[in-house]
Engineer: 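First the structure, which I've put down as structure tokens, then a few questions once you've had a look.
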Amino acid sequence: MDYRVHAPAESRPRPGGEFVLYWMQTTQRAHDNFALNFAIEQADTLGLPLQVYHGLRHDYPWASDRIHTWILEGVIDLYAGFAARGINYAFWLDEGTESYTQWPAGGRDAAAAPVHRSPLTVHRSLLAQLADRAALVVTDFFPTFIVPRQVRSLRGDVATPVIAVDSATLVPMAYHKKEHGNARGIRPVLMEALPHYLWPADNPSPRVQRPVELPFDPVRPTAESIPSLVARCDIDHAVAPSPMFRGGTAAGRARLHDFLTTGLRHYADLRNDPNEPDAVSRLSPYLHFGNLSIHEILLAARAAGPGEQYARFLDEALTWREVSHNFCYFNPKHRTPEGMPAWAREQLREHETDPRPVLYSDEDLEFARTGDELWNAAQRSYLRDGWMHNYMRMLWGKAVLQWTPNAAECLRVLEHLNNKYSLDGRDPNSYGGIMWTFGKFDRPFYRRPIYGTVRYQSLKAAREKFDVPRYIAAMS
Ligand SMILES: Cc1cc2nc3c(=O)[nH]c(=O)nc-3n(C[C@H](O)[C@H](O)[C@H](O)COP(=O)(O)OP(=O)(O)OC[C@H]3O[C@@H](n4cnc5c(N)ncnc54)[C@H](O)[C@@H]3O)c2cc1C
């Protein structure tokens with residue numbers, strides 16, 4: 001059984017189809033891509049060419065210059081990577097004409113308001129036109145954000161079967177039979193499966209290589225044209241591209257190389273020091289957009305060693321990353337308070353009436369205007385760089401609970417700030433990380449106000465753990 005393939009019961013190729021379509025969504029790479037490989041296999045069996053379609057909409061939640069720029073930078077590499085393999089790849093940029101979607105919107109009352117438009121209104125036509133002509137549509141399997149809804153929507157719209165393939169995790173999400181409540185539970189399962197899955201992926205070329213007629217002129221961004229392409233899109237222009245990162249596979253490989261040559265050897269000792277960002281990989285945005293595979297990263301890290309550093313890195317990149325995917329895959333409520341463990345939800349409800357030291361407005365939180373300089377510095381790293389160190393994310397998330405009236409409000413704020421600003425946001429790890437703030441994957445600790453027995457981490461006590469003034473200065 002191929003655990004990577006998620007196919008509806010009736011998935012036979014449509015007779016008379018002109019090609020196999022790979023609708024690229026979240027695995028934005030031309031290599032180590034199981035969905036692509038599955039599409040090639042199907043195209044070869046049917047004696048048909050393969051067409052890759054990659055569209056970028058203007059109206060997905062939190063669409064901004066930062067996210068668009070990253071994706072367009074990656075598209076430059078995708079054209080080169082697909083051309084090298086003799087694969088037809090076409091990118092379409094939907095500039096949009098209406099105002100961008102704010103979802104969930106900023107205000108406190110807005111969580112309940114249905115403000116987002118249908119996710120397929122604009123792109124359906126091009127995608128559906130291609131899908132209508134295809135024998136089979138293959139796409140990426142992803143357990144959160146708009147992806148499950150988009151796949152469902154296309155399945156409802158076209159007669160051609162739509163098969164989703166999981167390239168996101170090392171051990172396929174469907175390999176697990178259940179939701180694991182914590183890292184301790186999933187770790188032995190992953191470690192047992194590791195030797196079966198940690199292998200270099202095949203990168204075949206399709207047998208039939210002929211062009212497919214397209215219903216649009218593909219967009220070909222260059223480094224020079226990206227700013228003007230982004231400026232034309234109807235998206236949030238207030239969130240600027242990150243000065244810290246460049247998107248795409250080539251930049252991801254450069255980052256991986258730097259980490260393996262300088263950072264990995266310090267990983268176990270320095271990974272909890274926010275003043276040592278080079279001791280961690282900063283690969284999370286490349287993993288989120290699928291620019292690099294987890295296979296490539298782990299194989300390279302294992303070869304680079306040393307063994308005990310690799311083991312620590314493996315625990316984050318495999319255990320913690322995949323327990324988050326497992327959570328989103330098995331728990332459809334992962335974006336809501338029901339995604340919190342029952343004991344923690346109960347504790348937080350019991351302590352809802354505890355007095356808060358202060359309640360900040362959404363704007364004060366978003367623009368780093370709280371009374372705590374360390375928290376503000378952490379938030380500034382999201383605002384400016386689009387990335388935050390893991391240790392700071394933990395402090396950042398925990399602190400907001402005492403500044404918001406209840407857990408549901410806190411969740412709404414954290415999701416919005418994390419997904420709007422962090423390049424690696426809108427990911428299963430986003431929900432794993434945010435829900436950890438509310439006791440997910442954790443056990444009860446000693447009781448205290450507001451948090452009950454949910455673990456608390458103090459911003460004040462951080463001064464004993466690392467050089468707080470240095471971190472604040474770096475984020476000024
Ligand atoms: C409140 C909160 C919000 C978070 N939001 C996100 C998010 O939106 N996107 C995101 O990718 N991660 C998120 N995390 C998890 C973690 O902080 C980041 O994955 C990590 O900081 C990324 O930096 P890195 O690539 O240098 O990690 P490294 O330490 O180099 O680890 C390598 C990879 O392992 C994975 N990983 C590491 N730590 C974790 C973790 N605690 N949980 C899950 N996977 C992990 C990531 O894919 C990471 O790229 C969040 C954590 C918290 C507490």
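Read the numbers this way: they start at 1 and go in the same order the structure lists the ligands and their atoms.
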Engineer: Using 30° and 60° as the class boundaries, would you call the ring planes of F327 and H334 parallel, tilted or perpendicular?
Structural biologist: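 F327 and H334: perpendicular rings.
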Engineer: Which ligand 1 atoms, with their elements, are less than 4.0 angstrom from a heavy-atom of R282?
Structural biologist: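 Contacts of ligand 1 toward R282, numbered from 1: 24 (P), 25 (O), 26 (O).
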Engineer: Describe, in one word, how the ring planes of W375 and W396 are oriented to each other, choosing from parallel (under 30°), tilted (30 to 60°) and perpendicular (over 60°).
Structural biologist: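 Aromatic pair W375/W396 classed parallel.
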Engineer: Tell me which one of F441, W396, W387 gets a heavy atom nearest to atom 23 (O) of ligand 1.
Structural biologist: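 When every heavy atom of F441, W396, W387 is considered, W387 comes closest to atom 23 (O) of ligand 1.
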Engineer: Considering only heavy atoms of G425, which atoms of ligand 1 have at least one such atom less than 4.0 Å away?
Structural biologist: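 Going through ligand 1 atom by atom, the ones under 4.0 Å from G425 are 8 (O).
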Engineer: When you look at CZ of R447, are more than 12 heavy atoms from neighbouring residues, nucleotides or ligands closer to it than 6.0 Å?
Structural biologist: yes
Engineer: R321 heavy atoms, cut-off 4.0 Å: which ligand 1 atoms fall inside?
Structural biologist: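 Near R321, the atoms of ligand 1 are 43 (C), 44 (N), 47 (O).
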Engineer: Mind checking whether H295 and F34 have ring centres under 6.0 Å apart?
Structural biologist: yes
Engineer: Mind checking whether H416 and W62 have parallel, tilted or perpendicular rings, split at 30° and 60°?
Structural biologist: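 If you compare the ring of H416 with that of W62, the planes turn out tilted.
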Engineer: Where's the contact between N418 and ligand 1, heavy-atom distance under 4.0 Å: side chain, backbone, both or neither?
Structural biologist: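 Contact part for N418 vs ligand 1: side chain (C-beta onward).
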Engineer: Is any side-chain N of the basic residue among E352 and R349 closer than 4.0 Å to the acidic one's carboxylate O?
Structural biologist: no
Engineer: Which atoms of ligand 1 sit under 4.0 Å from any heavy atom of S284?
Structural biologist: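 Ligand 1 atoms under the 4.0 Å threshold to S284: 11 (O), 22 (C), 23 (O), 25 (O), 49 (O).
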Engineer: Just to be sure I read this right, does ligand 1 sit under 4.0 Å from the backbone of S281, its side chain, both, or neither, counting only heavy atoms?
Structural biologist: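 For S281, the contact with ligand 1 is made by both the backbone and the side chain.
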Engineer: Should you measure from each heavy atom of M394, which atoms of ligand 1 turn up under 4.0 Å away?
Structural biologist: 53 (C)
Engineer: Tell me whether E316 has any N or O atom under 3.5 angstrom from an N or O of ligand 1.
Structural biologist: yes
Engineer: Quick one: nearest non-hydrogen protein atom to atom 40 (C) of ligand 1, plus distance?
Structural biologist: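 Of every protein heavy atom, W320 CB, 3.8 Å lies nearest to atom 40 (C) of ligand 1.
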Engineer: Mind checking whether G433 has an N or O less than 3.5 Å away from an N or O of ligand 1?
Structural biologist: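 In this structure, G433 places no N or O atom under 3.5 Å from an N or O of ligand 1.
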Engineer: Please determine whether a side-chain nitrogen of the Lys or Arg among D2 and R4 lies less than 4.0 Å from a carboxylate oxygen of the Asp or Glu.
Structural biologist: no
Engineer: Using the side-chain contact (heavy atoms from CB on, under 4.5 Å) rule, pick out the option among W343, Y446, F445 that qualifies with T453.
Structural biologist: W343
Engineer: Would you call D315-R321 a salt bridge at under 4.0 Å N-O?
Structural biologist: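 Answer for the salt bridge query: no.
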Engineer: If hydrogens are left out, which of K398, M435, R426, R393 has an atom nearest to atom 13 (C) of ligand 1, that is, the closest non-hydrogen atom?
Structural biologist: R393
Engineer: Give the ring-plane orientation class for F142 versus H325, where under 30° counts as parallel, over 60° as perpendicular and anything between as tilted.
Structural biologist: perpendicular
Engineer: For ligand 1, note which part of F259 has a heavy atom under 4.0 Å away: side chain, backbone, both or neither.
Structural biologist: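 It is neither; nothing of F259 touches ligand 1.
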Engineer: Measure the distance from atom 32 (C) of ligand 1 to every protein heavy atom, then report the residue, atom name and distance (to 0.1 Å) of the closest one.
Structural biologist: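 Here the nearest protein heavy atom works out to F313 CE1, 3.4 Å.
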Engineer: Which atoms from ligand 1 have a heavy atom of L287 less than 4.0 Å away?
Structural biologist: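 Counting from 1, the qualifying ligand atoms are 47 (O), 49 (O).
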Engineer: Could you tell me whether some N/O pair between N390 and ligand 1 is separated by less than 3.5 angstrom?
Structural biologist: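 Between N390 and ligand 1, an N or O pair is found under 3.5 Å apart.
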Engineer: Does S64 have any side chain to side chain donor-acceptor pair (under 3.5 Å) partners at least two apart in sequence or in another chain, and if so, which?
Structural biologist: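 Partners of S64 under the side chain to side chain donor-acceptor pair (under 3.5 Å) test: none.
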Engineer: Which protein non-hydrogen atom lies closest to atom 28 (P) of ligand 1, naming both residue and atom, and how far is it?
Structural biologist: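 Sorting protein heavy atoms by distance from atom 28 (P) of ligand 1 puts Y267 OH, 3.5 Å first.
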Engineer: Purely on distance, is any nitrogen or oxygen of S430 under 3.5 Å from one on ligand 1?
Structural biologist: yes
Engineer: How far is atom 34 (O) of ligand 1 from its nearest protein heavy atom, and which residue and atom is that?
Structural biologist: A317 CA, 3.2 Å
Engineer: Counting only nitrogen or oxygen atoms and a 3.5 angstrom limit, does D424 reach ligand 1?
Structural biologist: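 Yes.
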Engineer: Listed by chain and number, what are the ring pair (Phe, Tyr, Trp, His ring centres under 6.0 Å) partners of Y286, not counting sequence neighbours?
Structural biologist: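 Checked Y286 against ring pair (Phe, Tyr, Trp, His ring centres under 6.0 Å); matches are W70.
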Engineer: Are the side chain of K398 and the backbone N or O of R455 linked by a donor-acceptor pair below 3.5 Å?
Structural biologist: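 Yes, because the side chain of K398 sits within donor-acceptor range (under 3.5 Å) of the backbone of R455.
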Engineer: Counting heavy atoms only, which of N429, T437, I434, N272 comes nearest to atom 47 (O) of ligand 1?
Structural biologist: N429
